[in-house]
Amino acid sequence: MPGAPTASRAPGWFRTAVFYEIPVRSFYDSNGDGVGDLPGVTAKLDHLADLGVGAIWLLPFYRSPWKDEGYDISDHFSVDPSLGTLDDLDRLVAEAHARGIRVLGDLVTNHVSIDHPWFQEARRDRGSRFRSWFLWSDTGKEFSRTRVIFRDFEVKNWSWDETAGQYYFHRFYASQPDLNYDSPEVRAEMLRVARFWLARGLDGFRCDAVPYLYKREGTRCQSLPEVHRFFHELRAMMDEEHPGTVLVAEANQSIPETVPYFGEGSEFQMVMHFPLMPNLFLALGENDPRRIRHVLRATLPTPRGSGWAYFLRNHDEVTLEQVSDDEREMFLWLYGRDPRTVIHGGIRRRLAPMLEGDDETVAMMIAFSLSLPGAMFLYYGDEIGMGDRLDLPDRDGVRTPMQWTAGTNGGFSEATPERLVRPLVLDPRYAPAARNVEDQRTRPGSLLSQVRRLVQVYSAHPSEFGPDGIHFVEPGSSTVFAFWRVGTARRILCLYNFGRERSEGTVPLDAGLTLGPDLLAGSATLSRRPDGLDYGLGGRRFVWLGFSASPTGRVGGD
Ligand code: BGC
Ligand code: MG
């Protein structure tokens with residue numbers, strides 16, 4: 001097909017692509033067995049292409065007893081039968097690539113399912129070669145400084161195993177024993193797993209629970225130098241054997257502990273920006289964006305060839321581990337007053353309900369994430385403002401079936417397990433009848449239309465919204481956050497009002513900027529003076545404005 005897009009792996013492709021996260025079981029059920037599947041994702045690729053998505057991240061689709069949404073793998077080399085076959089994956093990859101969409105898998109290195117044959121053999125026989133693939137103890141007292149992550153469900157990181165006659169270590173659920181990375185066999189096996197999926201055409205991986213692979217007595221058992229060495233080795237293999245593929249780190253840590261995952265350009269190309277995420281919501285709640293500037297100043301620029309992965313929501317709870325106790329209290333007061341939302345110290349809520357169901361605020365937050373240097377990861381369903389289901393256990397309430405149509409099952413059948421669809425929909429404002437793709441696709445002004453338009457504008461300005469460079473501006477308003485993105489021919493002024501009330505101010509303009517403003521997205525009242533731009537911005541509203549750069553002009557700001 002002449003002119004058809006292809007999924008190029010040109011250097012740095014990932015720093016301007018829009019990523020889209022898909023829990024396969026929740027996306028689209030192609031065969032009516034009640035479970036979303038890989039052919040279902042293939043069937044819906046046109047929705048993603050239409051949205052302008054450049055890459056999808058598939059949550060684990062490997063064989064699993066599904067005690068933790070597939071993050072408990074029992075065979076790393078097959079597709080779970082409920083989701084399809086290897087052929088289905090091949091078809092999905094080919095169809096995605098034909099639409100210019102890359103496909104990332106999820107590489108779960110830290111642990112396996114308790115059902116995995118490796119663990120089954122290891123627990124049965126102290127002499128098994130797999131015994132040393134896991135961490136055992138007679139006392140369960142080692143590594144006592146290790147944080148318990150699923151703290152609402154687990155009290156310890158060691159569980160007694162009757163068959164093994166020893167305790168085994170698990171960072172997450174007891175049904176997910178941790179692998180022992182001091183075993184060279186384990187390390188080699190994980191590289192083999194990565195190679196297997198790369199050879200099938202995957203364009204890279206989001207890497208799960210990155211900081212936790214190694215345990216050392218007396219430490220908190222996270223982000224140890226050995227962890228960096230392992231991922232450095234994985235990256236080197238990928239660069240060598242599959243150039244242009246990408247590694248994205250899930251490392252939910254403080255700024256000083258998160259930044260090193262870029263490894264000065266030789267480790268992860270992308271790192272999820274966990275330190276920024278809660279601050280965006282706090283800034284909105286406090287009508288004050290100053291905290292955002294602090295985080296961005298401390299985390300930009302990223303090393304050459306790398307970029308942050310910004311996200312607003314994902315398939316987990318909003319984690320609040322990277323904020324202070326006071327901030328957490330404030331966050332819970334703002335967004336988690338219903339005690340059912342609180343889990344593991346964070347909150348299990350979708351984007352739209354956190355933002356009071358206001359499409360314009362959702363659009364502003366998506367615009368904000370798109371406009372920073374780096375790339376954005378959009379969580380499925382947030383483009384139509386899906387809601388959460390607090391009656392479902394654990395994090396299932398933010399993993400409900402994608403709402404394709406007004407029908408309550410959104411493409412899922414009667415056979416859908418209760419965890420995926422229940423007749424009771426708690427809040428009619430977010431029900432499929434109120435929010436679905438079919439309706440929003442063609443309705444101008446719908447959230448989906450707005451997000452599609454934002455992605456279009458973003459993609460049409462790869463030089464301005466490029467991987468580097470952001471110039472903060474003093475906007476003359478305490479609730480407005482402002483910056484320039486500077487391209488070769490144009491500059492884009494981005495203004496975001498984090499306050500609830502309308503705000504006015506003036507942005508200094510360099511005299512050389514002769515042309516503009518051009519309204520690219522959002523809305524504001526504007527009046528141009530020779531040396532500045534007077535603006536009025538509604539509460540929780542934003543605007544992107546294009547200006548022509550003069551060859552000699554100075555940008556203004558810093
Ligand atoms: C994933 C979670 C998962 C955990 C254990 C993560 O951080 O995002 O969904 O439960 O790792 O694999
Ligand atoms: Mg199915």
Side-chain angles (χ1 to χ4, degrees), residues 21-44 57-62 64-74 76 79-85 88 92 104-114 116 147-154 157 170-179 205-213 222 248-253 271-272 274 277 309 311 313-319 321-322 343-344 346 348 377 379 393-399 401-402 404 409-417 420-421:
E21 175 185 353
I22 303 180
V24 178
R25 294 212 303 176
S26 306
F27 202 56
Y28 186 69
D29 177 18
S30 72
N31 60 357
D33 68 351
V35 180
D37 41 49
L38 292 173
V41 177
T42 309
K44 293 299 184 183
W57 152 31
L58 302 172
L59 260 56
F61 49 76
Y62 323 104
S64 166
W66 299 96
K67 296 283 192 299
D68 183 17
E69 198 59 32
Y71 283 98
D72 46 334
I73 300 173
S74 56
H76 293 77
V79 169
D80 192 81
S82 67
L83 268 52
T85 62
D88 290 330
L92 166 54
L104 302 196
D106 205 311
L107 194 65
V108 188
T109 46
N110 181 68
H111 47 266
V112 297
S113 161
I114 200 161
H116 199 295
R147 190 164 58 88
V148 175
I149 293 178
F150 289 163
R151 61 190 221 198
D152 288 0
F153 299 113
E154 303 289 351
N157 293 116
H170 52 89
R171 189 80 203 214
F172 296 92
Y173 288 124
S175 55
Q176 294 164 306
D178 277 28
L179 288 164
F205 302 104
R206 173 267 195 186
C207 297
D208 184 62
V210 160
Y212 310 122
L213 302 197
Q222 56 186 50
V248 186
E250 185 216 22
N252 179 9
Q253 307 298 341
V271 178
M272 292 282 179
F274 277 94
M277 181 271 296
F311 65 101
R313 290 297 298 111
N314 62 21
H315 64 287
D316 291 324
E317 76 280 13
V318 179
T319 57
E321 282 140 344
Q322 306 319 326
I343 188 169
H344 309 315
R348 47 190 198 134
F377 278 61
Y379 186 48
D394 198 350
R395 292 152 289 165
D396 287 355
V398 298
R399 302 168 179 176
M402 178 68 173
W404 296 106
N409 57 14
F412 285 71
S413 77
E414 297 289 299
T416 300
L420 281 176
V421 65

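Nothing here was measured: the structure is a model prediction, and the numbers come from that model. In listed order, ligands and their atoms are each counted from 1.
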Taking side chain as C-beta onward, heavy atoms only, is Phe274 less than 4.5 Å from Glu250?
yes
Below 4.5 Å, heavy atoms only, C-beta onward: do Asp68 and Phe150 meet side chain to side chain?
yes
I'd like to know if [X] contacts ligand 1, where contact means a heavy-atom distance under 4.0 Å to any ligand atom.
X: Arg206; result: yes
X: Phe150; result: yes
X: Glu317; result: no

Has Asn31 got an N/O/S atom less than 2.8 Å from the Mg ion (ligand 2)?
yes
Backbone or side chain, does Val35 get an N/O/S atom under 2.8 Å to the Mg ion (ligand 2)?
yes
Report the nearest protein non-hydrogen atom to [atom]: residue, atom name, distance rounded to 0.1 Å.
atom: atom 9 (O) of ligand 1; value: Asp316 OD1, 2.6 Å
atom: atom 6 (C) of ligand 1; value: Asp208 OD1, 2.9 Å
atom: atom 7 (O) of ligand 1; value: Glu250 OE2, 2.5 Å

Does a donor on one side chain sit under 3.5 Å from an acceptor on the other, for [X] and [Y]?
X: Asp80; Y: Ser64; value: no
X: Gln253; Y: Gln222; value: yes
X: Ser175; Y: Asp72; value: no
X: Asp37; Y: Tyr28; value: no
X: Glu321; Y: Asn252; value: yes

Looking at [X], which atoms of ligand 1 are within less than 4.0 Å of one of its heavy atoms?
X: His111; result: 5 (C), 12 (O)
X: Arg395; result: 2 (C), 3 (C), 9 (O), 10 (O)
X: Asp68; result: 3 (C), 4 (C), 5 (C), 10 (O), 12 (O)
X: Arg399; result: 9 (O)

Thinking salt bridges, do Glu69 and Arg25 make one under a 4.0 Å N-O criterion?
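Between Arg25 and Glu69 there is a salt bridge, with a charged N closer than 4.0 Å to a carboxylate O.
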Output, in order, the C-alpha distance, side-chain angles, deciding distance and verdict of side chain to side chain donor-acceptor pair (under 3.5 Å) for Arg147 and Tyr212.
CA-CA 10 Å; Arg147 190 164 58 88; Tyr212 310 122; 3.2 Å; yes
Taking the Mg ion (ligand 2) as the reference point, name the nearest N/O/S atom of [X].
X: Asp29; answer: OD1
X: Asp33; answer: OD1
X: Asp37; answer: OD2

Heavy-atom pairs closer than 4.0 Å: do any link ligand 1 to the side chain of His315, the backbone, both, or neither?
side chain
Can Arg399 and Asp316 be said to form a salt bridge (Lys or Arg N to Asp or Glu O under 4.0 Å), step by step?
CA-CA 9 Å; Arg399 302 168 179 176; Asp316 291 324; 3.3 Å; yes
